[in-house]
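Order of the sequence lines fixes the chain letters, A, B, ..., with proteins taken first and strands second; residue numbering starts at 1 for each chain.
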Amino acid sequence: MNQPRPLRCRFAPSPTGHLHVGGARTALFNWLLARKAGGTFIVRIEDTDTERNVPGADRKIMEDLRWLGLTWDEGIDVGGPHGPYYQTRRLDLYAAAARRLIEAGRAYYAFDTQEELAAMRARAEAAKQTFRYPRPAVFPDRRDVERARAQGRPVVVRFAMPDEDITVPDEVMGDVTVGAGELDDFVILKADSIPTYHLANVVDDAAMEVNLVMRGQEFLAQTPRHIALQRALGYPTPRYAHLPLIMDLKGRKLSKRDGDVEVFSFRAHGYLPEALVNFIALLGWSPGADREKLTLAEMIELFGIERIGRTNARFDREKLLAFNTDYAAAATPERLMAAYEDYLSVAEASPIARARPDEATRRELLRVCRGFRTFPDIDAKAGFIFVDDAALAYDPAAVAKVLVKDGGYAILESLLPLLEKVEEWTTGRLEALLKGFCETRQVGLGKVAQPLRVAVSGGTISPAIGETLVLLGREKTLRRIRNALTLRS
RNA sequence: GGCCCCAUCGUCUAGCGGCCUAGGACACCGGCUUUUCACGCCGGCAACACGGGUUCGAAUCCCGUUGGGGUCACCA
(Lines give C-alpha, C1' and ligand atoms only; values in the text may rest on other atoms or scores of the structure.)
Protein backbone atom coordinates (compact mmCIF):
# COMPACT_ATOMS: atom_id res chain seq x y z
CA MET A 1 0.00 0.00 0.00
CA ASN A 2 1.25 3.45 -0.69
CA GLN A 3 1.31 5.31 2.55
CA PRO A 4 0.04 8.87 2.09
CA ARG A 5 2.83 11.37 2.70
CA PRO A 6 2.39 13.40 5.82
CA LEU A 7 0.75 16.66 4.88
CA ARG A 8 2.97 19.70 4.61
CA CYS A 9 1.42 23.04 3.82
CA ARG A 10 2.43 26.61 4.32
CA PHE A 11 1.46 30.24 4.60
CA ALA A 12 3.84 32.49 2.70
CA PRO A 13 3.07 36.18 3.16
CA SER A 14 5.00 39.13 1.84
CA PRO A 15 6.25 41.43 4.58
CA THR A 16 4.42 44.55 3.56
CA GLY A 17 2.49 45.28 6.74
CA HIS A 18 0.09 43.73 9.17
CA LEU A 19 -1.77 40.55 8.35
CA HIS A 20 -4.81 41.20 6.21
CA VAL A 21 -8.08 39.30 6.76
CA GLY A 22 -7.63 37.55 3.42
CA GLY A 23 -4.20 36.36 4.44
CA ALA A 24 -5.55 35.43 7.83
CA ARG A 25 -8.10 33.17 6.23
CA THR A 26 -5.48 31.53 4.01
CA ALA A 27 -3.30 30.96 7.05
CA LEU A 28 -6.23 29.64 9.05
CA PHE A 29 -7.31 27.15 6.41
CA ASN A 30 -3.78 25.84 5.96
CA TRP A 31 -3.36 25.57 9.70
CA LEU A 32 -6.70 23.80 10.05
CA LEU A 33 -5.76 21.27 7.41
CA ALA A 34 -2.36 20.61 8.92
CA ARG A 35 -3.79 20.20 12.41
CA LYS A 36 -6.54 17.92 11.19
CA ALA A 37 -4.15 15.71 9.26
CA GLY A 38 -1.44 15.74 11.89
CA GLY A 39 0.74 17.41 9.28
CA THR A 40 3.15 20.30 9.31
CA PHE A 41 2.27 23.97 8.96
CA ILE A 42 5.08 26.18 7.73
CA VAL A 43 5.34 29.97 7.66
CA ARG A 44 7.90 31.53 5.37
CA ILE A 45 8.36 35.08 4.24
CA GLU A 46 8.31 35.92 0.54
CA ASP A 47 10.35 39.08 0.55
CA THR A 48 11.61 39.09 -2.99
CA ASP A 49 10.03 42.44 -3.73
CA THR A 50 12.68 44.46 -1.99
CA GLU A 51 10.98 47.71 -2.95
CA ARG A 52 7.82 46.90 -1.08
CA ASN A 53 9.25 45.14 1.92
CA VAL A 54 8.47 46.93 5.15
CA PRO A 55 10.97 46.47 7.97
CA GLY A 56 9.36 44.76 10.94
CA ALA A 57 6.37 43.58 8.99
CA ASP A 58 7.37 39.96 9.55
CA ARG A 59 7.14 40.52 13.29
CA LYS A 60 3.74 42.08 12.93
CA ILE A 61 2.48 39.18 10.89
CA MET A 62 3.75 36.71 13.46
CA GLU A 63 2.09 38.65 16.23
CA ASP A 64 -1.18 38.76 14.34
CA LEU A 65 -1.10 35.03 13.61
CA ARG A 66 -0.43 34.20 17.22
CA TRP A 67 -3.11 36.59 18.41
CA LEU A 68 -5.54 34.63 16.28
CA GLY A 69 -4.39 31.45 17.93
CA LEU A 70 -2.42 30.08 15.01
CA THR A 71 0.99 28.58 15.57
CA TRP A 72 3.37 27.03 13.09
CA ASP A 73 5.65 24.05 13.27
CA GLU A 74 8.35 25.25 10.96
CA GLY A 75 9.38 28.62 9.64
CA ILE A 76 10.31 32.09 10.74
CA ASP A 77 11.00 32.53 14.42
CA VAL A 78 10.68 28.82 15.22
CA GLY A 79 13.19 27.52 12.67
CA GLY A 80 13.19 24.06 11.15
CA PRO A 81 15.14 21.73 8.89
CA HIS A 82 14.48 23.62 5.66
CA GLY A 83 15.52 27.14 6.63
CA PRO A 84 16.20 29.90 6.30
CA TYR A 85 12.56 30.87 5.93
CA TYR A 86 13.14 34.26 4.39
CA GLN A 87 13.53 34.12 0.63
CA THR A 88 16.10 36.88 0.46
CA ARG A 89 18.36 34.60 2.50
CA ARG A 90 18.05 31.77 -0.01
CA LEU A 91 19.12 33.58 -3.17
CA ASP A 92 21.78 31.05 -4.05
CA LEU A 93 19.12 28.36 -4.31
CA TYR A 94 17.15 30.29 -6.87
CA ALA A 95 20.25 31.26 -8.82
CA ALA A 96 21.22 27.60 -9.01
CA ALA A 97 17.77 26.65 -10.26
CA ALA A 98 17.88 29.38 -12.88
CA ARG A 99 21.30 28.21 -13.99
CA ARG A 100 20.07 24.65 -14.34
CA LEU A 101 17.18 25.81 -16.48
CA ILE A 102 19.47 27.85 -18.72
CA GLU A 103 21.86 24.94 -19.14
CA ALA A 104 18.97 22.69 -20.02
CA GLY A 105 17.80 25.16 -22.63
CA ARG A 106 14.58 25.80 -20.68
CA ALA A 107 15.34 29.39 -19.81
CA TYR A 108 17.29 32.17 -21.42
CA TYR A 109 18.76 35.59 -20.85
CA ALA A 110 16.93 38.66 -22.05
CA PHE A 111 18.08 42.28 -22.12
CA ASP A 112 15.07 44.44 -22.82
CA THR A 113 14.71 47.71 -21.01
CA GLN A 114 11.46 48.62 -19.32
CA GLU A 115 10.89 51.22 -22.02
CA GLU A 116 11.32 48.69 -24.81
CA LEU A 117 8.96 46.31 -23.10
CA ALA A 118 6.41 49.04 -22.62
CA ALA A 119 6.67 49.98 -26.30
CA MET A 120 6.13 46.37 -27.36
CA ARG A 121 3.08 46.14 -25.15
CA ALA A 122 1.74 49.40 -26.49
CA ARG A 123 2.15 48.17 -30.06
CA ALA A 124 0.37 44.95 -29.27
CA GLU A 125 -2.46 46.83 -27.66
CA ALA A 126 -2.75 49.23 -30.59
CA ALA A 127 -3.05 46.23 -32.88
CA LYS A 128 -5.63 44.74 -30.47
CA GLN A 129 -3.41 41.76 -29.88
CA THR A 130 -2.48 40.07 -26.63
CA PHE A 131 1.13 40.77 -25.90
CA ARG A 132 3.40 37.77 -25.65
CA TYR A 133 7.08 38.12 -25.15
CA PRO A 134 8.81 37.24 -28.43
CA ARG A 135 11.12 34.34 -27.73
CA PRO A 136 14.37 34.63 -29.71
CA ALA A 137 15.09 31.87 -32.23
CA VAL A 138 18.53 31.46 -30.71
CA PHE A 139 19.07 31.98 -27.00
CA PRO A 140 21.74 34.54 -26.07
CA ASP A 141 25.04 33.15 -24.83
CA ARG A 142 27.60 34.34 -22.29
CA ARG A 143 29.18 36.81 -24.68
CA ASP A 144 25.80 38.36 -25.37
CA VAL A 145 25.34 38.77 -21.66
CA GLU A 146 28.68 40.48 -21.29
CA ARG A 147 27.94 42.75 -24.19
CA ALA A 148 24.58 43.69 -22.76
CA ARG A 149 26.14 44.43 -19.39
CA ALA A 150 28.78 46.56 -21.03
CA GLN A 151 26.03 48.51 -22.73
CA GLY A 152 24.35 49.00 -19.40
CA ARG A 153 21.35 46.92 -20.33
CA PRO A 154 19.42 44.98 -17.72
CA VAL A 155 19.95 41.23 -17.73
CA VAL A 156 17.08 39.02 -16.70
CA VAL A 157 16.33 35.35 -17.12
CA ARG A 158 13.11 34.25 -18.74
CA PHE A 159 11.57 30.82 -18.60
CA ALA A 160 10.78 29.27 -21.98
CA MET A 161 7.17 28.36 -21.42
CA PRO A 162 6.50 25.00 -23.07
CA ASP A 163 3.96 24.99 -25.88
CA GLU A 164 1.43 22.65 -24.37
CA ASP A 165 -1.86 22.65 -22.52
CA ILE A 166 -1.45 22.54 -18.77
CA THR A 167 -4.13 21.36 -16.42
CA VAL A 168 -4.21 22.37 -12.79
CA PRO A 169 -5.90 19.64 -10.77
CA ASP A 170 -7.47 22.00 -8.30
CA GLU A 171 -9.23 20.46 -5.34
CA VAL A 172 -11.60 23.36 -4.91
CA MET A 173 -12.21 24.48 -8.47
CA GLY A 174 -11.80 21.20 -10.25
CA ASP A 175 -9.51 20.71 -13.25
CA VAL A 176 -8.56 24.00 -14.85
CA THR A 177 -6.82 23.85 -18.18
CA VAL A 178 -4.92 26.67 -19.77
CA GLY A 179 -4.27 26.22 -23.45
CA ALA A 180 -0.87 26.05 -25.10
CA GLY A 181 0.27 29.48 -26.16
CA GLU A 182 -1.77 31.35 -23.59
CA LEU A 183 1.20 31.92 -21.36
CA ASP A 184 4.39 33.56 -22.52
CA ASP A 185 7.98 33.50 -21.37
CA PHE A 186 7.97 35.15 -17.98
CA VAL A 187 10.88 36.51 -15.99
CA ILE A 188 12.20 34.20 -13.30
CA LEU A 189 15.31 36.11 -12.30
CA LYS A 190 15.18 39.89 -12.17
CA ALA A 191 17.96 42.24 -13.24
CA ASP A 192 19.11 42.51 -9.63
CA SER A 193 19.48 38.71 -9.50
CA ILE A 194 16.55 38.37 -7.14
CA PRO A 195 14.03 35.78 -8.32
CA THR A 196 10.46 36.62 -9.12
CA TYR A 197 7.68 35.16 -7.07
CA HIS A 198 7.16 32.28 -9.48
CA LEU A 199 10.65 30.84 -9.25
CA ALA A 200 11.17 31.44 -5.54
CA ASN A 201 7.79 29.98 -4.72
CA VAL A 202 8.31 26.83 -6.74
CA VAL A 203 11.87 26.28 -5.54
CA ASP A 204 10.91 26.76 -1.91
CA ASP A 205 7.84 24.60 -1.99
CA ALA A 206 9.96 21.81 -3.41
CA ALA A 207 12.82 22.38 -0.98
CA MET A 208 10.46 22.52 1.97
CA GLU A 209 8.63 19.45 0.71
CA VAL A 210 5.32 21.24 0.62
CA ASN A 211 2.77 18.86 -0.84
CA LEU A 212 -0.37 20.93 -0.59
CA VAL A 213 -0.64 24.52 -1.73
CA MET A 214 -3.75 26.32 -0.57
CA ARG A 215 -3.91 29.99 -1.44
CA GLY A 216 -6.17 32.68 -2.86
CA GLN A 217 -7.78 32.29 -6.23
CA GLU A 218 -5.83 35.20 -7.64
CA PHE A 219 -3.00 32.71 -8.04
CA LEU A 220 -4.95 30.13 -9.97
CA ALA A 221 -4.13 31.64 -13.35
CA GLN A 222 -0.45 31.58 -12.42
CA THR A 223 -0.39 27.97 -11.44
CA PRO A 224 0.23 26.57 -14.94
CA ARG A 225 3.47 28.55 -14.91
CA HIS A 226 4.40 26.97 -11.62
CA ILE A 227 3.57 23.51 -12.85
CA ALA A 228 5.67 24.06 -15.97
CA LEU A 229 8.53 25.24 -13.80
CA GLN A 230 8.22 22.21 -11.54
CA ARG A 231 8.34 19.87 -14.51
CA ALA A 232 11.38 21.60 -15.99
CA LEU A 233 13.13 21.44 -12.65
CA GLY A 234 12.15 17.85 -11.97
CA TYR A 235 10.05 18.71 -8.92
CA PRO A 236 6.86 16.94 -7.96
CA THR A 237 3.68 18.96 -8.33
CA PRO A 238 1.92 19.52 -5.04
CA ARG A 239 -1.81 19.26 -4.55
CA TYR A 240 -3.52 22.57 -5.19
CA ALA A 241 -6.53 24.22 -3.62
CA HIS A 242 -7.45 27.78 -4.61
CA LEU A 243 -9.75 29.67 -2.29
CA PRO A 244 -12.53 31.98 -3.44
CA LEU A 245 -11.72 35.62 -2.80
CA ILE A 246 -12.93 37.86 -0.02
CA MET A 247 -14.52 41.03 -1.39
CA ASP A 248 -15.77 44.17 0.25
CA LEU A 249 -19.47 44.79 0.71
CA LYS A 250 -19.77 46.24 -2.75
CA GLY A 251 -18.25 43.15 -4.31
CA ARG A 252 -14.95 44.85 -5.09
CA LYS A 253 -11.66 43.37 -4.13
CA LEU A 254 -10.95 44.00 -0.50
CA SER A 255 -8.29 46.64 -0.18
CA LYS A 256 -6.93 48.58 2.71
CA ARG A 257 -8.54 51.69 1.40
CA ASP A 258 -11.96 50.25 2.20
CA GLY A 259 -11.20 50.63 5.85
CA ASP A 260 -9.43 48.51 8.32
CA VAL A 261 -9.11 45.00 7.09
CA GLU A 262 -5.99 44.25 9.03
CA VAL A 263 -6.16 41.74 11.82
CA PHE A 264 -4.38 44.19 14.08
CA SER A 265 -6.97 46.82 13.42
CA PHE A 266 -9.70 44.54 14.70
CA ARG A 267 -7.59 43.85 17.74
CA ALA A 268 -7.11 47.55 18.38
CA HIS A 269 -10.81 48.11 17.91
CA GLY A 270 -11.70 45.68 20.62
CA TYR A 271 -12.66 42.50 18.83
CA LEU A 272 -12.03 39.07 20.29
CA PRO A 273 -9.72 36.85 18.24
CA GLU A 274 -12.05 33.87 18.61
CA ALA A 275 -14.90 35.88 17.09
CA LEU A 276 -12.77 37.15 14.20
CA VAL A 277 -11.33 33.76 13.45
CA ASN A 278 -14.76 32.13 13.53
CA PHE A 279 -16.20 34.76 11.25
CA ILE A 280 -13.32 34.51 8.78
CA ALA A 281 -13.57 30.72 8.72
CA LEU A 282 -17.10 31.04 7.41
CA LEU A 283 -15.98 33.07 4.42
CA GLY A 284 -15.74 30.37 1.80
CA TRP A 285 -16.18 27.45 4.12
CA SER A 286 -19.17 26.03 5.92
CA PRO A 287 -19.37 23.15 8.36
CA GLY A 288 -22.93 22.48 7.20
CA ALA A 289 -25.81 21.38 9.40
CA ASP A 290 -26.64 25.00 10.24
CA ARG A 291 -23.59 25.23 12.46
CA GLU A 292 -21.89 28.57 12.89
CA LYS A 293 -20.32 29.20 16.24
CA LEU A 294 -17.19 27.08 16.39
CA THR A 295 -14.04 26.92 18.44
CA LEU A 296 -10.74 26.30 16.70
CA ALA A 297 -10.85 22.73 17.98
CA GLU A 298 -14.27 22.21 16.46
CA MET A 299 -13.12 23.72 13.21
CA ILE A 300 -10.22 21.31 13.06
CA GLU A 301 -12.63 18.45 13.50
CA LEU A 302 -15.09 19.64 10.88
CA PHE A 303 -12.74 21.18 8.33
CA GLY A 304 -12.19 19.72 4.90
CA ILE A 305 -11.37 20.92 1.40
CA GLU A 306 -14.59 19.29 0.15
CA ARG A 307 -16.60 21.85 2.08
CA ILE A 308 -14.84 24.88 0.67
CA GLY A 309 -17.06 26.84 -1.70
CA ARG A 310 -16.26 28.33 -5.05
CA THR A 311 -17.97 31.68 -4.86
CA ASN A 312 -16.37 34.89 -3.67
CA ALA A 313 -17.54 36.07 -0.29
CA ARG A 314 -18.19 39.58 0.92
CA PHE A 315 -16.80 40.80 4.17
CA ASP A 316 -19.82 41.87 6.19
CA ARG A 317 -18.76 43.80 9.27
CA GLU A 318 -22.26 43.72 10.73
CA LYS A 319 -22.12 40.00 11.02
CA LEU A 320 -18.64 40.12 12.50
CA LEU A 321 -19.95 42.59 15.06
CA ALA A 322 -22.79 40.23 15.93
CA PHE A 323 -20.32 37.40 16.36
CA ASN A 324 -18.19 39.53 18.61
CA THR A 325 -21.16 40.53 20.73
CA ASP A 326 -22.11 36.91 21.21
CA TYR A 327 -18.58 35.80 21.97
CA ALA A 328 -18.10 38.58 24.50
CA ALA A 329 -21.36 37.68 26.22
CA ALA A 330 -20.49 33.99 26.30
CA ALA A 331 -16.88 34.31 27.42
CA THR A 332 -15.89 33.31 30.92
CA PRO A 333 -14.95 36.26 33.16
CA GLU A 334 -11.32 35.15 33.07
CA ARG A 335 -11.19 34.93 29.31
CA LEU A 336 -12.95 38.25 28.90
CA MET A 337 -10.63 39.92 31.35
CA ALA A 338 -7.58 38.59 29.52
CA ALA A 339 -8.93 39.83 26.22
CA TYR A 340 -9.76 43.19 27.76
CA GLU A 341 -6.24 43.57 29.13
CA ASP A 342 -4.95 42.84 25.66
CA TYR A 343 -7.23 45.48 24.21
CA LEU A 344 -6.15 48.08 26.77
CA SER A 345 -2.53 47.30 25.94
CA VAL A 346 -2.97 48.21 22.28
CA ALA A 347 -5.84 50.74 22.26
CA GLU A 348 -4.11 54.07 22.34
CA ALA A 349 -7.26 56.13 21.96
CA SER A 350 -9.03 54.55 24.91
CA PRO A 351 -9.53 56.97 27.82
CA ILE A 352 -9.67 53.98 30.11
CA ALA A 353 -6.38 52.61 28.81
CA ARG A 354 -4.82 56.00 29.46
CA ALA A 355 -6.21 56.26 32.98
CA ARG A 356 -4.95 52.79 33.87
CA PRO A 357 -7.54 51.93 36.52
CA ASP A 358 -6.69 49.09 38.87
CA GLU A 359 -7.62 45.51 38.15
CA ALA A 360 -10.69 45.44 40.37
CA THR A 361 -12.04 48.48 38.54
CA ARG A 362 -11.35 46.95 35.15
CA ARG A 363 -13.19 43.85 36.20
CA GLU A 364 -16.08 45.95 37.44
CA LEU A 365 -16.17 47.87 34.17
CA LEU A 366 -16.56 44.64 32.27
CA ARG A 367 -19.39 43.62 34.57
CA VAL A 368 -21.40 46.83 34.56
CA CYS A 369 -21.03 47.27 30.82
CA ARG A 370 -22.05 43.76 29.93
CA GLY A 371 -23.96 43.68 26.69
CA PHE A 372 -21.22 45.62 24.92
CA ARG A 373 -20.40 44.71 21.35
CA THR A 374 -16.71 45.59 21.27
CA PHE A 375 -14.39 46.92 23.98
CA PRO A 376 -14.55 50.53 22.73
CA ASP A 377 -18.22 50.43 23.74
CA ILE A 378 -16.96 50.39 27.30
CA ASP A 379 -14.99 53.55 26.60
CA ALA A 380 -18.05 55.18 25.16
CA LYS A 381 -20.23 54.12 28.05
CA ALA A 382 -17.94 54.56 31.02
CA GLY A 383 -15.01 56.60 29.75
CA PHE A 384 -16.39 59.75 31.40
CA ILE A 385 -15.62 58.25 34.79
CA PHE A 386 -11.91 58.63 34.11
CA VAL A 387 -11.70 62.20 32.88
CA ASP A 388 -10.96 65.12 35.19
CA ASP A 389 -14.07 66.73 36.62
CA ALA A 390 -13.00 70.02 35.10
CA ALA A 391 -12.56 68.47 31.68
CA LEU A 392 -15.97 66.83 31.65
CA ALA A 393 -17.87 68.03 28.59
CA TYR A 394 -21.58 68.59 28.95
CA ASP A 395 -23.65 67.74 25.92
CA PRO A 396 -25.80 70.86 25.31
CA ALA A 397 -28.68 68.83 23.94
CA ALA A 398 -28.73 66.57 26.99
CA VAL A 399 -28.55 69.54 29.35
CA ALA A 400 -31.35 71.35 27.54
CA LYS A 401 -33.62 68.34 27.46
CA VAL A 402 -33.00 66.60 30.76
CA LEU A 403 -31.88 69.34 33.11
CA VAL A 404 -33.83 72.30 31.78
CA LYS A 405 -36.91 71.09 29.97
CA ASP A 406 -37.63 68.04 32.10
CA GLY A 407 -36.85 69.77 35.36
CA GLY A 408 -33.65 67.92 36.13
CA TYR A 409 -32.06 70.84 37.95
CA ALA A 410 -34.80 70.84 40.55
CA ILE A 411 -34.38 67.13 41.08
CA LEU A 412 -30.65 67.48 41.49
CA GLU A 413 -31.12 70.25 44.00
CA SER A 414 -33.31 68.12 46.22
CA LEU A 415 -31.17 65.05 45.72
CA LEU A 416 -27.82 66.62 46.51
CA PRO A 417 -28.34 67.02 50.27
CA LEU A 418 -29.63 63.47 50.52
CA LEU A 419 -26.61 62.11 48.70
CA GLU A 420 -24.28 64.15 50.86
CA LYS A 421 -25.65 62.37 53.88
CA VAL A 422 -25.00 58.89 52.52
CA GLU A 423 -22.29 57.22 54.55
CA GLU A 424 -22.21 53.85 52.89
CA TRP A 425 -21.50 54.56 49.21
CA THR A 426 -22.69 51.27 47.71
CA THR A 427 -24.95 50.30 44.87
CA GLY A 428 -27.52 48.85 47.25
CA ARG A 429 -27.64 51.89 49.47
CA LEU A 430 -27.75 54.39 46.60
CA GLU A 431 -30.41 52.55 44.70
CA ALA A 432 -32.54 52.27 47.80
CA LEU A 433 -32.20 55.99 48.33
CA LEU A 434 -33.21 56.77 44.75
CA LYS A 435 -36.17 54.41 44.90
CA GLY A 436 -37.38 55.96 48.12
CA PHE A 437 -36.98 59.40 46.63
CA CYS A 438 -39.05 58.37 43.60
CA GLU A 439 -41.79 56.92 45.78
CA THR A 440 -42.21 59.97 47.94
CA ARG A 441 -42.23 62.15 44.85
CA GLN A 442 -44.46 59.81 42.91
CA VAL A 443 -42.19 59.78 39.84
CA GLY A 444 -40.57 57.05 37.79
CA LEU A 445 -36.93 56.20 38.27
CA GLY A 446 -36.13 57.61 34.87
CA LYS A 447 -37.08 61.08 36.05
CA VAL A 448 -34.37 60.90 38.66
CA ALA A 449 -31.72 58.73 37.07
CA GLN A 450 -31.46 60.79 33.90
CA PRO A 451 -30.65 64.12 35.56
CA LEU A 452 -28.08 62.37 37.69
CA ARG A 453 -26.64 60.70 34.64
CA VAL A 454 -26.31 63.98 32.80
CA ALA A 455 -24.83 65.74 35.81
CA VAL A 456 -22.28 63.05 36.39
CA SER A 457 -21.40 61.97 32.84
CA GLY A 458 -22.19 65.00 30.73
CA GLY A 459 -24.50 62.96 28.54
CA THR A 460 -27.30 60.46 28.55
CA ILE A 461 -25.33 57.26 28.34
CA SER A 462 -23.79 55.38 31.23
CA PRO A 463 -24.02 52.09 33.06
CA ALA A 464 -26.91 51.63 35.49
CA ILE A 465 -27.06 54.70 37.71
CA GLY A 466 -26.23 53.01 41.00
CA GLU A 467 -23.21 51.26 39.57
CA THR A 468 -22.14 54.44 37.86
CA LEU A 469 -22.12 56.43 41.09
CA VAL A 470 -20.18 53.76 42.92
CA LEU A 471 -17.59 53.53 40.16
CA LEU A 472 -17.27 57.30 40.16
CA GLY A 473 -16.93 57.50 43.92
CA ARG A 474 -18.60 59.73 46.43
CA GLU A 475 -16.40 62.79 46.05
CA LYS A 476 -16.48 62.94 42.27
CA THR A 477 -20.19 62.31 42.19
CA LEU A 478 -20.99 65.14 44.57
CA ARG A 479 -18.55 67.50 42.92
CA ARG A 480 -19.99 66.83 39.47
CA ILE A 481 -23.55 67.38 40.66
CA ARG A 482 -22.53 70.70 42.19
CA ASN A 483 -20.73 71.64 38.97
CA ALA A 484 -23.81 70.78 36.96
CA LEU A 485 -25.92 72.96 39.19
CA THR A 486 -23.67 75.93 38.47
CA LEU A 487 -24.46 75.50 34.80
CA ARG A 488 -27.94 76.77 35.48
CA SER A 489 -28.02 80.41 34.51
C1' G B 1 -9.98 42.85 -25.02
C1' G B 2 -7.73 37.31 -24.72
C1' C B 3 -7.79 33.34 -21.25
C1' C B 4 -9.77 31.26 -16.67
C1' C B 5 -13.40 30.93 -12.68
C1' C B 6 -18.10 31.78 -10.42
C1' A B 7 -23.78 32.42 -9.98
C1' U B 8 -29.58 30.23 -3.70
C1' C B 9 -32.72 35.78 0.62
C1' G B 10 -29.44 42.71 0.96
C1' U B 11 -24.91 39.61 3.23
C1' C B 12 -22.48 34.68 4.84
C1' U B 13 -24.44 30.15 3.58
C1' A B 14 -27.31 24.81 3.91
C1' G B 15 -28.86 22.07 -0.29
C1' C B 16 -24.69 17.34 -3.76
C1' G B 17 -32.50 14.67 -8.80
C1' G B 18 -37.72 13.55 -5.41
C1' C B 19 -37.27 14.78 2.05
C1' C B 20 -37.73 22.27 -0.81
C1' U B 21 -44.85 25.26 -0.17
C1' A B 22 -35.84 26.07 -0.22
C1' G B 23 -33.29 25.63 6.09
C1' G B 24 -29.87 28.61 9.48
C1' A B 25 -27.22 33.16 10.78
C1' C B 26 -26.45 38.60 10.17
C1' A B 27 -28.94 42.88 8.52
C1' C B 28 -33.85 44.94 8.01
C1' C B 29 -39.16 45.67 9.77
C1' G B 30 -42.77 45.10 13.91
C1' G B 31 -43.58 44.04 19.10
C1' C B 32 -41.87 42.97 24.22
C1' U B 33 -38.35 44.07 28.16
C1' U B 34 -36.10 48.59 30.20
C1' U B 35 -33.66 54.31 34.95
C1' U B 36 -30.15 55.96 29.64
C1' C B 37 -27.25 53.29 25.99
C1' A B 38 -26.39 48.54 24.68
C1' C B 39 -27.86 43.58 25.48
C1' G B 40 -31.90 40.15 25.48
C1' C B 41 -36.74 37.85 23.98
C1' C B 42 -40.87 37.05 20.34
C1' G B 43 -42.71 37.58 15.44
C1' G B 44 -42.27 39.10 10.23
C1' C B 45 -40.25 40.32 5.33
C1' A B 46 -36.80 38.17 2.02
C1' A B 47 -33.48 34.03 -2.73
C1' C B 48 -32.82 29.27 -6.49
C1' A B 49 -30.08 35.51 -12.54
C1' C B 50 -32.51 34.42 -17.46
C1' G B 51 -33.52 31.04 -21.68
C1' G B 52 -33.26 26.33 -23.66
C1' G B 53 -32.65 21.21 -22.98
C1' U B 54 -32.07 16.00 -20.17
C1' U B 55 -35.54 13.42 -16.83
C1' C B 56 -41.59 10.56 -14.57
C1' G B 57 -39.36 14.59 -11.61
C1' A B 58 -34.42 19.83 -11.34
C1' A B 59 -32.09 24.89 -6.90
C1' U B 60 -29.51 20.34 -7.84
C1' C B 61 -27.18 17.49 -14.62
C1' C B 62 -25.98 19.76 -19.88
C1' C B 63 -25.82 24.11 -23.35
C1' G B 64 -26.39 29.25 -24.23
C1' U B 65 -27.25 34.37 -22.53
C1' U B 66 -26.54 37.89 -18.87
C1' G B 67 -24.01 39.42 -14.64
C1' G B 68 -19.79 39.28 -11.30
C1' G B 69 -14.70 38.09 -10.27
C1' G B 70 -9.59 36.74 -11.34
C1' U B 71 -5.42 37.06 -14.55
C1' C B 72 -2.53 38.78 -18.56
C1' A B 73 4.55 43.02 -14.53
C1' C B 74 11.86 42.66 -13.72
C1' C B 75 4.28 42.73 -7.65
C1' A B 76 3.37 38.93 -4.88
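Comparing the P positions of B/C6 and B/G64 gives an interatomic distance of 13 Å, to the nearest angstrom. For B/G52 and B/A46, the P atoms lie 26 Å apart once the distance is rounded to whole Å. Taking the P atom of each, B/C19 and B/C61 are spaced 15 Å apart, rounded to whole Å. Using C1' as the reference atom, B/U55 and B/U71 are 38 Å apart when rounded to the nearest Å.
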For A/Glu262 and A/Lys60, run salt bridge (charged side-chain N to carboxylate O under 4.0 Å, His left out): C-alpha distance rounded to whole Å, both residues' side-chain angles, the deciding distance at 0.1 Å, then the answer.
CA-CA 11 Å; A/Glu262 289 174 349; A/Lys60 290 180 177 166; over 6 Å; no
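Comparing B/A76, B/U36, B/C5 by their closest approach to the side chain of A/Thr48 singles out B/A76. Looking at the side chain of A/Gln450, the nearest of the listed nucleotides B/A14, B/U35, B/A76 is B/U35. Of the candidate nucleotides B/C75, B/U8, B/A25, B/U8 has the atom lying nearest to any side-chain atom of A/Thr311.
Contact annotation: A/Arg158 does not reach the phosphate of B/A73 (side-chain N/O to OP1 or OP2, under 4.0 Å). Residue A/Arg52 has no polar side-chain atom (N or O) positioned under 4.0 Å from OP1 or OP2 of B/A76. Put simply, A/Gln222 has a side-chain N or O that comes within less than 4.0 Å of OP1 or OP2 on B/C72. In this structure, A/Arg132 does not reach the B/C3 phosphate: none of its side-chain N or O atoms is under 4.0 Å from OP1 or OP2.
Using a 30° and 60° split on the angle between ring planes, A/Phe111 and A/Tyr109 fall in the parallel class, below 30°.
Evaluation of atom-type donor-acceptor distances gives a pair under 3.5 Å for the side chain of A/Lys319 against the base of B/A25.
When heavy atoms are screened at a 4.0 angstrom cut-off, A/Pro463 is found touching base atoms of the nucleic acid. Using a 4.0 Å heavy-atom distance criterion, A/Asp377 is classed as making no nucleic acid contact. Among the protein residues, A/Gln114 comes within range of the nucleic acid bases, having at least one heavy atom under 4.0 Å from a base atom. Residue A/Arg453 is in base contact, counting any heavy-atom pair closer than 4.0 Å across all strands shown. Backbone-only engagement by A/Ala313 is indicated by non-hydrogen atom pairs under 4.0 Å involving sugar-phosphate atoms exclusively.
Applying side-chain contact (heavy atoms from CB on, under 4.5 Å) to A/Tyr240 and the options A/Thr223, A/Val176, A/Leu220 leaves one that passes, A/Thr223.
Checked by atom type and distance alone, the side chain of A/Asp165 never pairs as donor or acceptor with a backbone atom of A/Thr177 at under 3.5 Å.
In summary, the aromatic rings of A/Tyr108 and A/Phe159 are positioned with their centroids too far apart to meet the 6.0 Å limit.
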